Amino acid sequence: MSWSSATAKPERRPLEVTANERVGSYRLLRVHDPDGGCAPGQFAMLAAEQHWGGGQDERPFLPRALSVARHRGGEAHFLLEDVGPGTSRLCELAPGERVFSVGPLGRGFRPPQPGRRALLVGGGVGIAPLMILQDRLAAATRALLGFRDGERARAAELMLDVHVATDDGSVGHRGTVAELLRRELEEDREAEVFACGPGPMLEAVRALCSQLQVPAQLALEAPMACGFGACFGCVVPARDGSYLRVCVDGPVIDAEALGEVGEYAGAPA
Amino acid sequence: MSWSSATAKPERRPLEVTANERVGSYRLLRVHDPDGGCAPGQFAMLAAEQHWGGGQDERPFLPRALSVARHRGGEAHFLLEDVGPGTSRLCELAPGERVFSVGPLGRGFRPPQPGRRALLVGGGVGIAPLMILQDRLAAATRALLGFRDGERARAAELMLDVHVATDDGSVGHRGTVAELLRRELEEDREAEVFACGPGPMLEAVRALCSQLQVPAQLALEAPMACGFGACFGCVVPARDGSYLRVCVDGPVIDAEALGEVGEYAGAPA
Amino acid sequence: MSVDFCGLELAHPVINGSGTFDALAACEAFGAGLLEDFPFAAYVSKTITLEPRRGNPPPRVWEVPAGMINSIGLPNKGLSSYLANDLPRLAGITTRGHEPGGELRGVPLFTNVMGSTAAELRELVEACDRHEEIAAVELNVSCPNVQTGLDIGADPDQLRAVLGELRGATGKPLVVKLTPNAADVPACAVAAEEGGADAVSLINTLRAMALAPALDGARARPWLGGRTGGLSGPAVRAVALAQVAAVAERVRIPVIGMGGVQSGAHARQLLDVGASLVAVGTESFRDPGAGRRIARELQSER
Amino acid sequence: MSVDFCGLELAHPVINGSGTFDALAACEAFGAGLLEDFPFAAYVSKTITLEPRRGNPPPRVWEVPAGMINSIGLPNKGLSSYLANDLPRLAGITTRGHEPGGELRGVPLFTNVMGSTAAELRELVEACDRHEEIAAVELNVSCPNVQTGLDIGADPDQLRAVLGELRGATGKPLVVKLTPNAADVPACAVAAEEGGADAVSLINTLRAMALAPALDGARARPWLGGRTGGLSGPAVRAVALAQVAAVAERVRIPVIGMGGVQSGAHARQLLDVGASLVAVGTESFRDPGAGRRIARELQSER
Ligand SMILES: Cc1cc2nc3c(=O)[nH]c(=O)nc-3n(C[C@H](O)[C@H](O)[C@H](O)COP(=O)(O)OP(=O)(O)OC[C@H]3O[C@@H](n4cnc5c(N)ncnc54)[C@H](O)[C@@H]3O)c2cc1C
Ligand SMILES: Cc1cc2nc3c(=O)[nH]c(=O)nc-3n(C[C@H](O)[C@H](O)[C@H](O)COP(=O)(O)OP(=O)(O)OC[C@H]3O[C@@H](n4cnc5c(N)ncnc54)[C@H](O)[C@@H]3O)c2cc1C
Ligand SMILES: Cc1cc2nc3c(=O)[nH]c(=O)nc-3n(C[C@H](O)[C@H](O)[C@H](O)COP(=O)(O)O)c2cc1C
Ligand SMILES: Cc1cc2nc3c(=O)[nH]c(=O)nc-3n(C[C@H](O)[C@H](O)[C@H](O)COP(=O)(O)O)c2cc1C
Ligand code: FES
Ligand code: FES
């Protein structure tokens with residue numbers, strides 16, 4: 001089994017929005033994208049065709065990076081959390097409106113190493129790339145998902161075999177998803193972790209996996225201007241002291257290759 | 001009879017859009033404005049509360065000057081032509097959305113001199129201030145209105161006792177409204193002209209009235225940043241060589257006080 | 001929230017940028033009540049010159065992404081008419097600060113002046129000194145729309161020298177409004193301080209240009225009557241923040257920060273990098289109540 | 001639409017701004033076809049220095065109204081690695097110009113270099129001269145993100161002197177990328193011309209700053225790892241237009257205009273005020289196909 005990263009067309013494509021549904025605190029946006037297809041973990045740079053700008057503080061201006069959460073039936077799905085002017089505009093898109101899309105971009109997840117079961121660990125809207133990953137994994141895969149509260153935790157219904165943790169204990173385990181992960185790994189270390197979520201969560205996952213010597217692939221996030229390696233804006237420090245561009249060297253990067261995961265390298269908290 | 005100019009609140013007020021109807025090529029926008037009331041010829045500076053910006057060329061940014069076309073039943077009406085990113089956004093406003101409004105601003109029309117019948121002369125969307133003027137004039141008043149084409153000429157239905165001219169002859173007289181005006185004035189010079197329209201039309205009206213010694217009040221337009229005398233951006237040359245600020249010395253200015261009316265001092269052509 | 005600025009007591013730290021609020025015209029538009037409860041804590045006049053100026057031919061404004069270009073050309077009635085006609089009406093402005101029921105305070109008047117020589121500037125400053133209605137003098141050595149003024153402000157040595165010649169002409173607070181179109185703005189600020197300025201203000205507009213929408217095939221021509229103009233508004237905010245921060249690090253005198261401020265959060269950022277007061281320009285065009293609104297937002301930020 | 005630039009034949013007048021398009025990374029994202037039908041008529045490299053540079057710590061970008069600030073810090077592998085590893089792969093880039101079926105042409109390679117001394121710059125230029133894959137050399141004397149470079153570019157005398165020292169090092173077209181953070185940019189352009197430059201390019205980014213969203217009560221801190229950065233995008237377009245127009249009036253050598261270009265109409269305006277080529281930077285981040293799209297729009301404008 002192997003997923004090859006798809007190559008994007010070298011221009012923004014106007015794609016039509018086909019649906020926009022509420023899922024707890026999030027929005028599941030669907031766009032018509034027949035050419036599509038992508039590896040789990042790849043992302044697209046999206047901007048509304050109309051009214052991109054003129055929001056809070058006269059923004060947005062640059063496109064926004066969004067993980068492809070699903071690709072099926074000629075549609076790409078995105079899971080969105082409204083955290084600022086860009087996501088706010090994308091969250092209000094109505095069917096029939098169009099988005100400019102550049103993608104799919106970046107290096108996605110590699111299949112788990114032979115003999116290791118995949119364990120998906122997501123935090124908040126960071127579950128997006130895990131959705132498509134779970135779709136692509138042959139066997140059912142356990143997903144450990146952490147959310148701030150119950151409203152957000154409703155997004156857990158988008159995945160299968162889920163164990164939930166919430167900060168406020170309103171659903172599932174009260175505490176962090178890293179605690180759930182520790183339990184799982186203490187039972188069975190023959191796992192490979194696939195994680196995406198806020199910086200502190202990713203750092204906890206990285207540290208834990210490093211300690212328990214479990215391989216982990218982390219889907220990072222970073223403030224991005226371009227998404228295709230042009231601006232050198234999205235770097236995170238690698239273990240060897242160099243900088244990696246999240247958009248072309250990632251977004252999925254082996255935990256081993258990374259230094260500490262910083263505050264800005266994760267999904268919205 | 002006299003109309004006193006109303007004074008505006010010194011801040012932008014968010015007002016709710018109550019209706020937005022097509023009238024030929026134009027839009028008639030209504031906003032809830034119970035405090036309102038204004039003299040005919042006054043205007044407001046409008047900006048959409050949301051999505052003001054991010055249109056063509058990342059504009060609009062400044063508010064847009066719009067004549068109050070009517071004020072009745074606690075609603076202000078505006079007649080809009082989509083000529084760029086600002087009017088385009090205002091034209092698409094849906095009921096329930098809000099606009100920021102500063103106004104009413106400027107000096108409106110004065111009532112006709114005793115013994116003179118009012119004659120309204122409008123070009124294109126410049127008919128807006130003539131609508132409210134006709135509402136306020138005690139007796140029915142003839143309106144001579146010029147439009148580029150038949151679709152635009154449909155706005156003539158917003159006024160009474162109208163004679164229409166169109167550039168393409170599709171409705172009414174083929175030719176200019178100045179030609180209609182010359183005919184009217186040649187029959188009866190005991191008139192006072194109230195005009196609003198594109199620069200070349202206003203200039204034709206000014207020249208004609210000057211020649212025939214008929215008093216005329218012209219409602220000018222000029223690129224404006226503020227609308228309340230702050231920026232000194234909206235000037236037109238006066239006959240005496242000084243500059244007048246259209247927003248505070250006008251928009252209605254006696255034809256006599258003006259030099260030639262320039263290209264930029266009129267409504268969209 | 002009242003603040004001290006060079007010995008003057010202001011109701012709050014938000015004032016207007018020179019040339020962006022005409023109190024007397026606003027009074028016609030909004031009624032006389034405006035001068036009783038003014039949106040700004042101090043009132044800065046438009047730039048006044050010795051002789052009257054008509055200003056530039058229209059068009060004078062152009063909208064750009066997140067801002068505007070102006071090429072107004074400093075129209076004003078000249079010093080004598082300003083002193084004789086405007087000053088008496090501007091003398092008694094008051095404000096209740098950022099909230100309706102606030103304490104009534106006077107709104108100090110800052111007169112902004114520009115001259116093309118040190119002698120002219122000295123004459124302007126001397127005249128201001130003789131009028132007690134004027135609380136402070138701001139020197140415009142930076143307006144990019146006019147040939148004069150610019151060079152003095154962009155060259156530290158010349159700026160220091162000019163200030164030396166006129167500093168003695170008044171005991172009132174002297175604010176130097178710096179030009180942003182300089183290679184080393186902090187060096188200009190230091191020169192102003194050394195020349196005896198009591199404060200510096202920045203940024204003025206960035207030199208910019210607009211072309212008229214071109215007709216088919218024709219070569220586009222300048223839109224503005226004055227050919228070039230000055231860029232202001234949110235588009236310049238990040239430039240303003242950098243210049244204000246760099247200047248505040250280098251001088252000990254107070255700094256008036258401005259450039260693209262639209263909200264309390266933006267004002268707060270200028271204060272955070274070292275400004276003592278914040279001036280609002282272009283945002284007043286979008287909201288004549290911007291001064292008070294921003295002061296109110298600033299209050300709730302703290 | 002093919003154009004001549006200093007003796008090089010370009011498919012159209014639209015090229016990329018240095019540091020805003022990484023052809024090799026883009027090739028990974030978009031496939032190898034990208035280098036066969038490149039969106040730009042010439043490819044300008046990111047700034048190359050003698051020694052490798054990591055660049056600034058993150059965060060490196062910040063979005064502002066109608067633009068962005070970057071504080072990338074000129075990361076690059078250093079001259080030798082560039083020459084040994086990148087150059088061979090960049091040598092054969094071709095393009096079909098602005099339309100799918102267009103004639104296939106080579107895409108000349110401009111190597112942009114920066115050094116903190118004239119000697120360093122000379123060494124860089126000499127190395128470029130030895131590689132025939134390099135069609136032209138662009139000197140970055142203007143990047144505001146790094147201590148060096150800036151001063152040379154903002155001071156006409158120094159700029160003329162430095163060029164005098166290295167002009168002899170190559171017969172290839174030498175483009176000087178001016179800094180916009182100068183009091184008198186046209187004077188700098190004239191100095192470059194006198195120093196022997198074959199062309200000038202402008203504008204580079206405007207010095208700017210961003211603060212991190214402040215936590216309650218705390219004083220805001222700089223967001224960018226490099227503290228300050230450079231402003232680009234539509235926000236600077238009117239400043240670029242003014243500077244390009246002013247420079248084109250003063251020099252006889254060709255001018256490469258850039259700053260906020262998003263469309264053929266914007267490119268057209270720069271050409272109308274005297275530019276020979278137009279470079280696209282930030283807009284490529286919003287649309288990797290911006291170069292070709294703008295060339296196409298430009299074609300239909302004419
Ligand atoms: C590879 C990748 C995949 C992603 N996938 C998803 C996804 O599937 N779903 C999802 O909801 N999100 C995803 N994100 C995150 C998403 O891109 C950001 O939440 C979005 O860009 C925020 O934009 P905004 O305008 O809504 O908010 P902004 O206000 O632009 O950004 C929010 C955060 O950015 C910082 N910030 C604030 N102001 C600025 C400014 N002016 N300039 C720069 N930074 C600022 C602050 O830290 C703030 O908290 C992904 C990000 C990456 C890199
Ligand atoms: C007192 C007054 C009353 C008015 N009443 C009405 C009314 O009742 N109904 C109505 O429809 N209109 C009215 N107008 C005109 C209206 O304000 C303008 O049509 C509107 O401002 C145009 O804005 P826009 O963004 O749609 O188009 P823009 O593109 O901003 O403007 C259109 C024209 O402005 C110029 N222009 C183009 N680009 C720019 C730029 N970047 N900056 C500055 N100018 C530019 C060009 O000449 C262009 O043709 C009135 C104007 C005034 C002053
Ligand atoms: C229309 C207009 C007129 C201005 N006139 C003057 C002036 O007369 N004197 C002066 O010193 N600055 C003048 N300025 C500059 C402003 O005071 C201020 O420095 C600049 O606009 C930046 O602030 P802002 O972005 O908040 O507008 C003017 C600015 C504008 C937009
Ligand atoms: C992210 C980024 C990186 C840049 N890197 C360089 C560089 O390495 N060397 C250089 O000379 N200019 C660099 N520039 C400046 C651009 O080449 C260009 O001059 C500037 O961005 C203005 O054009 P724009 O508004 O189209 O982006 C960079 C600009 C950006 C936005
Ligand atoms: S986002 Fe531009 S290089 Fe990664
Ligand atoms: S529009 Fe500002 S003074 Fe008239």
Side-chain angles (χ1 to χ4, degrees), chain B residues 5-14 42-43 45-47 52-64 84-86 100-107 222-238 240-249 262-265, chain C residues 16-17 19-35 37-39 46 52 54-77 212-213 223-225 229 232-235 281-282 284-293:
Chain B
S5 291
T7 330
K9 276 192 79 172
E11 61 189 26
R12 64 183 185 193
R13 294 174 301 146
Q42 286 196 293
F43 66 99
M45 297 297 286
L46 297 188
W52 192 247
Q56 176 205 321
D57 266 349
E58 313 293 334
R59 294 192 297 137
F61 168 67
L62 297 164
R64 295 302 193 253
F100 285 124
S101 170
V102 177
L105 296 166
R107 294 191 188 159
M224 286 187 176
C226 72
F228 56 94
C231 73
F232 284 76
C234 60
V235 295
V236 291
D240 67 7
S242 68
Y243 285 125
L244 298 170
R245 277 175 283 181
V246 170
C247 69
V248 285
D249 301 321
E263 191 188 340
Y264 302 122
Chain C
N16 69 295
T20 64
F21 205 89
D22 180 334
L24 300 179
C27 205
E28 278 179 55
F30 304 121
L34 184 85
L35 301 189
D37 190 8
F38 202 63
K46 187 154 181 54
R54 290 178 72 205
N56 290 333
R60 290 179 169 182
V61 293
W62 179 256
E63 186 181 64
V64 297
M68 61 180 283
I69 311 181
N70 81 80
S71 169
I72 309 297
L74 306 180
N76 75 100
K77 302 180 214 161
W223 165 266
L224 297 166
S232 65
T282 305
S284 288
F285 303 161
R286 305 190 345 142
D287 178 5
R292 176 179 296 107
R293 170 171 58 77

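Here the structure is a predicted model, which means the values were calculated and not measured. Just so it is clear: chains get the letters A, B, ... in the order the sequence lines come, proteins before strands, and each one is counted from 1.
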query: Which atoms of Arg292(C) come close to chain B, meaning under 4.5 Å heavy atom to heavy atom: side chain ones, backbone ones, both, or neither?
result: neither
query: Pro39(C) versus chain B, heavy atoms under 4.5 Å apart: side chain, backbone, both or neither?
result: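 Neither part; nothing is under 4.5 Å.
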For residues [X] and [Y], report the shortest heavy-atom separation together with the two atoms involved.
X         : Y         : result
Arg286(C) : Arg12(B)  : O-CD, 3.7 Å
Thr7(B)   : Ala29(C)  : CG2-O, 3.2 Å
Glu58(B)  : Pro65(C)  : CB-CB, 3.5 Å
Cys226(B) : Phe285(C) : CB-CD2, 3.7 Å

Most contacts with chain C, counted as non-hydrogen pairs under 4.5 angstrom, among [options]:
options                                : value
Arg59(B), Arg245(B), Lys9(B), Met45(B) : Arg59(B)
Pro63(B), Cys231(B), Gly55(B)          : Cys231(B)
Asp249(B), Asp57(B), Leu62(B)          : Leu62(B)

message: Using the side-chain contact (heavy atoms from CB on, under 4.5 Å) criterion, which residues pair with Ser232(C)? Sequence neighbours excluded.
response: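 Here the qualifying residues are Met68(C), Thr205(C), Thr282(C).
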- prompt: Ignoring hydrogens and geometry, is there a side-chain-to-backbone donor-acceptor pair from Glu63(C) to Phe61(B) under 3.5 Å?
  reply: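 It does hold such a pair.
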query: Has the side chain of Arg60(C) got a donor or acceptor atom that lies under 3.5 Å from a matching backbone atom of Val235(B)?
result: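 No, Arg60(C) side chain to Val235(B) backbone: no donor-acceptor pair under 3.5 Å.
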For chain B, which candidate among [options] shows the most heavy-atom pairs at distances under 4.5 Å?
options                       : result
Asp22(C), Asn16(C), Asp37(C)  : Asp22(C)
Ala25(C), Ala23(C), Gly233(C) : Ala25(C)
Gly33(C), Gly281(C), Pro57(C) : Pro57(C)

Criterion side chain to side chain contact (heavy atoms under 4.5 Å, CB included) against Phe232(B), the qualifying member of Ile72(C), Asn70(C), Leu74(C): Ile72(C)
query: So which part of Ala47(B) gets closer than 4.5 Å to some heavy atom of chain C, the side chain, the backbone, both or neither?
result: neither
- request: Take Val61(C) and Met224(B) through the test side-chain contact (heavy atoms from CB on, under 4.5 Å) and record every step on the way to the result.
  value: CA-CA 7 Å; Val61(C) 293; Met224(B) 286 187 176; over 6 Å; no
message: Checking Phe30(C) now: which residues fulfil ring pair (Phe, Tyr, Trp, His ring centres under 6.0 Å) with it, not counting sequence neighbours?
response: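 So Phe30(C) forms a ring pair (Phe, Tyr, Trp, His ring centres under 6.0 Å) with Phe228(B).
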